[in-house]
There are 2 protein chains.
Amino acid sequence: MSIMFRARAGPSEEIERAAVSEGVDPELIRRLIACGRAVMPCNPIHSPEPCVIGEGLTVKINANVGTSRDQPDMGMELEKARIAVRYGADTIMDLSTGGDVDAIRRAILKEVQIPVGTVPIYQEGLRAARRSAVVDMKEDDMFSGIEKHAKDGVDFMTVHCGITRESVSRLHNSGRLTDVVSRGGAFLTAWILHNQQENPLYENFDYLLEMAQKYEFAISLGDGLRPGCVADATDRAQVQELIVLGELVKRCREAGVQSMVEGPGHVPLSQIEANVQLEKRLCDNAPFYVLGPLVTDIAPGYDHIVGAIGGALAAYHGADFLCYVTPAEHLSLPTVDDVKEGVMASKIAAHAADLARGRGVDRDDRMAKARKKLDWEAMFRESLDPQKAREFRKRGVTAENEGCSMCGDVCAIRMVQKYLEK
Amino acid sequence: MSIMFRARAGPSEEIERAAVSEGVDPELIRRLIACGRAVMPCNPIHSPEPCVIGEGLTVKINANVGTSRDQPDMGMELEKARIAVRYGADTIMDLSTGGDVDAIRRAILKEVQIPVGTVPIYQEGLRAARRSAVVDMKEDDMFSGIEKHAKDGVDFMTVHCGITRESVSRLHNSGRLTDVVSRGGAFLTAWILHNQQENPLYENFDYLLEMAQKYEFAISLGDGLRPGCVADATDRAQVQELIVLGELVKRCREAGVQSMVEGPGHVPLSQIEANVQLEKRLCDNAPFYVLGPLVTDIAPGYDHIVGAIGGALAAYHGADFLCYVTPAEHLSLPTVDDVKEGVMASKIAAHAADLARGRGVDRDDRMAKARKKLDWEAMFRESLDPQKAREFRKRGVTAENEGCSMCGDVCAIRMVQKYLEK
């Protein structure tokens with residue numbers, strides 16, 4: 001029986017554990033999973049620590065790792081996965097497209113105890129592309145690729161089932177500046193246009209559901225037509241795909257398969273709230289998993305900051321799951337350092353949203369009290385990155401142990417204290 | 001005749017120039033300055049390039065530089081000012097408190113052609129503190145300090161006139177975790193509490209207005225009681241001070257003195273819009289100059305990202321002027337690199353807000369088109385930091401010139417193009 005069906009029947013040990021780490025009533029988690037407003041990606045073969053993503057829970061973050069043809073080193077990607085976990089990623093997605101992709105996926109699954117996601121179509125699309133052309137992908141290969149990942153223990157998979165003849169048709173005369181920027185989306189859009197056939201992942205969605213039931217993986221409904229620049233945000237093609245995804249969410253729930261919905265991408269600040277509301281309404285409050293969103297296109301090298309701005313606002317308005325963006329986005333595969341910076345930026349965005357919705361306030365309060373007492377060890381303890389905080393402080397030499405080199409002897413906190421206490 | 005009075009009389013050459021760089025009708029700028037909804041800080045002794053800050057205009061950013069007792073090197077601060085200008089700061093504030101503060105201020109005024117601001121009370125407060133105690137500051141010294149800065153050509157000055165016996169009284173039993181964190185605010189709060197007298201800058205505000213008229217500097221009404229942590233945001237003490245500042249804005253306008261209002265500080269995402277609306281309402285739409293705001297307290301070492309999240313949202317809701325925050329905030333005086341990172345983060349926030357309000361869209365569109373064409377030189381040209389973008393791309397070796405090392409041979413853009421064009 002699937003996680004979702006089990007949740008409908010009653011509480012479980014995993015739900016109890018998730019409730020403890022979330023600090024909420026297990027009954028709340030059970031109800032959310034049962035109705036599909038939250039997911040707990042957990043393939044029994046991998047069996048990660050319970051992590052629940054969804055309505056009203058703390059915002060979770062995902063870090064992507066993975067090789068490319070030009071950088072196929074497995075060791076590097078494992079190191080990125082370790083760093084991401086260390087700095088607070090809640091899940092890892094392996095997007096490898098270079099080297100021995102099967103071996104890398106298995107190594108990552110072995111390495112990390114948090115849920116692992118993949119995009120199986122990459123592997124099949126690549127094989128076809130390197131053999132002849134991506135449009136030569138065979139339907140059987142698409143499904144057997146998914147089954148292979150499921151058997152390896154992958155906890156959630158992105159499947160681009162919303163790329164249909166109908167949604168692709170909306171691309172024509174849409175005035176988009178960047179067409180399709182999702183890789184999986186591009187594979188399937190090309191496939192549909194070339195073969196003049198419906199997307200097999202949509203056409204045979206029931207087969208996908210059977211596999212998800214059999215192996216117990218969560219389905220992350222990919223947004224293959226997500227905008228690739230702020231000018232393309234929230235256009236007819238994007239919303240058309242979202243409508244299809246909403247229908248698929250319903251079918252997932254009927255089949256007892258956990259599902260979430262992926263979202264943009266590139267969105268101006270003014271459209272973020274609307275994007276969250278649209279997803280929540282069109283997809284019956286399925287967990288919303290956003291990439292960024294990026295609120296401007298002109299800051300390559302700083303896209304982790306651009307994504308943190310969009311992510312914080314999206315999460316504040318109800319997005320449940322943020323996919324990190326590294327400083328290398330749009331430019332190159334990230335380094336280990338980039339991965340750390342990306343995780344930190346995303347973590348900050350998630351926490352800022354939690355805080356604004358009344359979650360996690362205690363830690364900020366402890367930091368504030370430590371600051372008032374000029375208790376540096378306590379400040380480091382409450383810091384998201386104690387090591388960096390320590391380094392910055394050490395850099396600025398001061399004559400006193402108390403203050404910092406910013407104010408030196410004119411520390412506002414110290415100055416006012418004695419007069420206020422009178 | 002002051003800039004404000006002149007604007008009421010008719011257009012000027014500075015207004016024409018500001019309108020060109022802003023891309024709006026000079027008549028709009030003239031009306032905004034005339035009624036006080038925008039300021040153009042411009043001391044004729046310094047005579048910087050016209051920069052107009054206010055309602056509906058592009059969001060401007062300020063970078064703080066300045067020595068401290070522990071790091072009194074003037075050369076370093078001049079280098080920071082140059083870097084800040086190079087990466088797009090619209091104004092520079094010199095907050096020096098170490099070394100030959102007069103010489104540093106004059107050197108910075110000579111160095112940069114954009115408006116320069118200061119906080120004169122620092123110098124007088126420091127002198128008193130180092131002599132005996134900050135509470136021994138003399139009223140005459142406070143005003144003569146301001147006059148000295150004015151004579152040097154300082155274009156705008158932060159004056160903490162809203163710290164009054166009334167607003168300070170609101171601190172008691174307020175439940176604040178961090179009391180007073182503004183340095184100028186701390187000086188004056190301590191002074192009021194110790195001397196049991198009214199703040200001379202408030203008591204003799206007319207004298208300040210006379211000076212501002214005589215020398216033509218803009219008044220930036222400091223928020224001495226701004227919250228020092230998210231838990232303290234938007235509390236009675238902060239709002240009490242803002243009410244006083246609103247009354248002072250009115251007096252500035254009657255005297256033909258340009259004024260803007262400073263704001264927090266530390267504010268959770270959920271209170272940012274309300275903070276902007278409060279300022280705009282209580283202060284009759286005076287330009288709002290916010291520091292950050294920081295949306296969480298637990299990310300020292302990453303406060304430029306924390307401030308970019310808050311700043312973007314504040315500016316989207318109507319804040320006009322963002323004071324940058326560097327990664328060193330709360331830990332040490334920033335390095336030159338920190339200054340650059342702070343300026344970039346703030347610039348991204350300002351631009352994201354502009355974009356969401358329909359300004360500066362062309363550049364993002366050009367970037368999107370360059371991305372679709374995989375035209376890397378054009379992408380670098382549209383980047384806020386072309387050098388960093390180049391370095392990131394160079395780092396990821398690819399077999400082709402076209403794509404990047406993220407996708408290698410499976411570039412979504414390239415893949416879908418040929419099928420869409422059919």
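Here is the naming used below: chain letters follow the sequence lines, and residue numbers restart at 1 for every chain. Values reported hereafter were calculated over all heavy atoms of this structure, with side chains retained and with hydrogens, waters and symmetry mates removed. What you are looking at is a predicted structure, and each value in this text was computed from that prediction instead of being measured.
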Part of [X] lying under 4.5 Å from any heavy atom of chain A:
| X | value |
| --- | --- |
| B:R130 | side chain |
| B:E341 | side chain |
| B:S182 | backbone |
| B:L193 | side chain |
| B:V134 | side chain |
| B:D338 | side chain |
| B:P327 | both |

If we define contacts as heavy-atom pairs under 4.5 Å, which of [options] has the most with chain A?
| options | result |
| --- | --- |
| B:T335, B:V361, B:V267 | B:T335 |
| B:R357, B:H304, B:R371 | B:R371 |
| B:F187, B:W191, B:Y122 | B:F187 |
| B:A308, B:A231, B:A133 | B:A308 |
| B:G185, B:G310, B:A186, B:A412 | B:A412 |

Identify which part of [X] has an atom lying under 4.5 Å from any heavy atom of chain B, answering side chain, backbone, both or neither.
| X | answer |
| --- | --- |
| A:R363 | both |
| A:L171 | side chain |
| A:I413 | both |
| A:V230 | side chain |

Taking atom [atom1] of [X] and atom [atom2] of [Y], what is their separation to the nearest 0.5 Å?
| X | Y | atom1 | atom2 | value |
| --- | --- | --- | --- | --- |
| A:H172 | B:L420 | NE2 | CG | 6.0 Å |
| A:I348 | B:D303 | CD1 | CG | 7.5 Å |
| A:L313 | B:I309 | CG | CD1 | 10.0 Å |
| B:L355 | A:T296 | CG | OG1 | 5.5 Å |

How far apart are the closest heavy atoms of [X] and [Y], and which atoms are they?
| X | Y | value |
| --- | --- | --- |
| A:A356 | B:L269 | CB-CB, 3.7 Å |
| B:G301 | A:K388 | O-CD, 3.8 Å |
| B:V416 | A:A190 | CG2-N, 4.3 Å |
| B:A299 | A:L384 | CB-CD1, 4.2 Å |

Within the structure provided, determine whether [X] and [Y] are in side-chain contact (heavy-atom separation under 4.5 Å).
| X | Y | value |
| --- | --- | --- |
| A:I298 | B:R366 | no |
| A:K369 | B:T178 | no |
| B:L177 | A:K372 | no |
| B:H330 | A:S383 | no |
| B:Y316 | A:S270 | yes |

**OP:** Quick one: which of A:A368, A:P268, A:C229, A:G360 has the most heavy-atom pairs under 4.5 Å with chain B, could you say?
**Re:** A:A368
Original post:
Based on non-hydrogen pairs under 4.5 Å, which of A:D385, A:I272, A:D364 is most in contact with chain B?
Top reply: A:D364
**OP:** Would you sort out whether A:Y419 and B:T189 count as a side chain to side chain contact (heavy atoms under 4.5 Å, CB included), showing the intermediate values?
**Re:** CA-CA 8 Å; A:Y419 297 101; B:T189 301; over 6 Å; no
Original post:
Do side-chain atoms of B:S332 reach the backbone of A:F392 as a donor and acceptor pair under 3.5 angstrom?
Top reply: yes
Original post:
Is the backbone of A:M367 close enough, under 3.5 Å, to the side chain of B:D297 for a donor and an acceptor to pair up by distance?
Top reply: no
